[in-house]
Trainee: 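Quick one: this structure, given as structure tokens, is what I'll be asking you about.
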Amino acid sequence: MQARPTKDEYYLEIAKAVGLRSPCLRKKFGAIIVLNDAIVSTGYNGPPRGGVNCYDVGCLREKMNRPHYSAYDDSCPAVHAEENSIINAARNGTKVMGGVLYIQGVSPEDGSLVESRPCHRCRRALINAGIEEVVTRNTGGEILHYNVAEWIREDTEEYIRKYNEVAK
């Protein structure tokens, strides 16, 4: 008899399935927001509704040889999975404050797990949306938990460090 998955495994597999809807040719990410042990929203990385997507025309980031996890604004039309899960909740008047966001990414080529860490832009959106925790898996399958409140401290320290470097 197969072992019953933990709640984290269960929700991460659902996030992974959501990500398979993504039209991204580089990495497919799915995110779900869980509140009181119920899924209240989902999202995947893709362009704004009705916008051009890489699946139909090709990937500008690949053509420009842009590295992963950088330079989104100048070469990628996508809204990230984390952002879309927050936006989809708002479109439907659904509360996410106090929720947990599960995110999982896969490679479009072979379906293998890819690093699924929120970028700085998404971290800030999750903070402001009131998400309390982010759960993901690393490429080895280990489940990772992030306390969103820690990101506020980290962002503040990083900003002050950079500011002080420039101010010298």
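By convention here, the first residue in the shown sequence is residue 1.
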Trainee: What do you reckon, is CG of D56 surrounded by more than 12 foreign heavy atoms closer than 6.0 Å?
Mentor: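 Yes, CG of D56 has more than 12 neighbouring heavy atoms, counting only those of other groups under 6.0 Å.
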Trainee: Does the distance from a Lys or Arg side-chain N to an Asp or Glu carboxylate O, for E82 and R121, drop under 4.0 Å?
Mentor: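 No salt bridge links E82 with R121.
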Trainee: Charged N to carboxylate O below 4.0 Å: is that the case for R137 and E13?
Mentor: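 Between E13 and R137 there is a salt bridge, with a charged N closer than 4.0 Å to a carboxylate O.
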Trainee: Is it true that N92 and T94 share a donor-acceptor pair across their side chains at a distance under 3.5 Å?
Mentor: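 The criterion, which ignores hydrogens and geometry beyond distance, is not satisfied for N92 and T94.
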Trainee: Nearest heavy-atom pair of N53 and P23: which atoms, and what distance?
Mentor: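 For N53 and P23, the tightest heavy-atom pair comes out as OD1-CB, 3.6 Å.
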Trainee: Honestly curious: do V114 and V106 fall in one hydrophobic cluster under the side-chain, below-4.5 Å linking rule?
Mentor: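 Looking at the clustering, V106 is in a separate group from V114.
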Trainee: Between E157 and R153 (salt bridge meaning N to carboxylate O under 4.0 Å), is one present in this structure?
Mentor: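 Result for this pair is yes, salt bridge flagged.
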Trainee: Side-chain contact, heavy-atom cut-off 4.5 Å: L101 with S85?
Mentor: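 The answer is yes, as the side chains (C-beta and beyond) meet within the 4.5 Å cut-off.
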Trainee: Taking side chain as C-beta onward, heavy atoms only, is I87 less than 4.5 Å from R91?
Mentor: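 Result yes, sub-4.5 Å side-chain heavy-atom pair found.
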Trainee: Any side-chain heavy atom of K95 within less than 4.5 Å of one from V40?
Mentor: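 No - every pair of side-chain heavy atoms lies 4.5 Å or more apart.
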Trainee: Can you tell me how far the CD atom of E132 sits from the CG atom of L35, to the nearest 0.5 Å?
Mentor: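 Here the interatomic distance stands at 9.0 Å.
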Trainee: Using the rule that Ile, Leu, Val, Met, Phe, Trp and Tyr join whenever any side-chain heavy atoms are under 4.5 Å apart, tell me whether I33 and W151 fall into a single cluster.
Mentor: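 Yes, it is one cluster - the side chains of I33 and W151 are joined through contacts under 4.5 Å.
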Trainee: Show the nearest heavy-atom pair for residues E9 and I143, with the distance to one decimal.
Mentor: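 Result for this residue pair: CG-CD1, 3.8 Å.
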Trainee: Can you find a heavy atom in the side chain of Y10 that is under 4.5 Å from one in the side chain of D8?
Mentor: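 No. Closest side-chain heavy atoms not under 4.5 Å.
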Trainee: Pick out which of P118, S116, C24, C122 makes a side chain to side chain contact (heavy atoms under 4.5 Å, CB included) with F29.
Mentor: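 The side chain to side chain contact (heavy atoms under 4.5 Å, CB included) with F29 is passed solely by S116 among P118, S116, C24, C122.
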Trainee: Looking only at atom types and distance, does a side-chain atom of E83 sit under 3.5 Å from a main-chain N or O of H80, one as donor and one as acceptor?
Mentor: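 Yes.
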Trainee: Would you say S41 and N88 are linked by a side-chain donor-acceptor pair, where the criterion is simply a distance under 3.5 Å?
Mentor: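 No, no side-chain donor-acceptor pair sits under 3.5 Å.
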Trainee: Might you point out which heavy atoms bring Y11 and D37 nearest each other, and give the distance in Å?
Mentor: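 Taking Y11 first and D37 second, the nearest heavy atoms are OH-OD1, 2.6 Å.
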Trainee: Determine yes or no for a side-chain-to-main-chain donor-acceptor pair under 3.5 angstrom, with K28 supplying the side chain and G19 the backbone.
Mentor: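 Answer holds: no.
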Trainee: Would you find more than 12 non-hydrogen atoms of other residues, nucleotides or ligands less than 6.0 Å from R161 atom CZ?
Mentor: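 Yes, the 6.0 Å shell around CZ holds more than 12 heavy atoms from other groups.
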Trainee: When rounded to the nearest 0.5 angstrom, what distance separates NE2 in H120 from CD in E158?
Mentor: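 Answer for the NE2-CD pair, H120 versus E158, is 7.0 Å.
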Trainee: Hydrophobic clustering (ILVMFWY, side-chain heavy atoms < 4.5 Å, transitive) - are V96 and I39 grouped together?
Mentor: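 No, separate clusters.
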Trainee: Could you check whether any side-chain heavy atom of Y102 comes within less than 4.5 Å of a side-chain heavy atom of V34, counting everything from C-beta outward?
Mentor: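 Of all side-chain heavy-atom pairs linking V34 with Y102, at least one is under 4.5 Å.
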Trainee: Under 3.5 Å, side chain of T136 to main-chain N/O of I103, donor-acceptor pair present?
Mentor: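 Present.
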Trainee: May I ask you to test the V135-V100 pair for a side-chain heavy-atom distance under 4.5 Å?
Mentor: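 Heavy-atom side-chain distance check passes, below 4.5 Å.
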Trainee: Going only through I, L, V, M, F, W and Y residues with side-chain contacts under 4.5 Å, is there a path from L20 to I14?
Mentor: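 No; tracing contacts between hydrophobic side chains, which count when under 4.5 Å, never links both residues.
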Trainee: So do E62 and L25 actually touch side chain to side chain, heavy atoms under 4.5 Å?
Mentor: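 When only atoms from C-beta onward are counted, E62 and L25 do not touch, as no gap falls below 4.5 Å.
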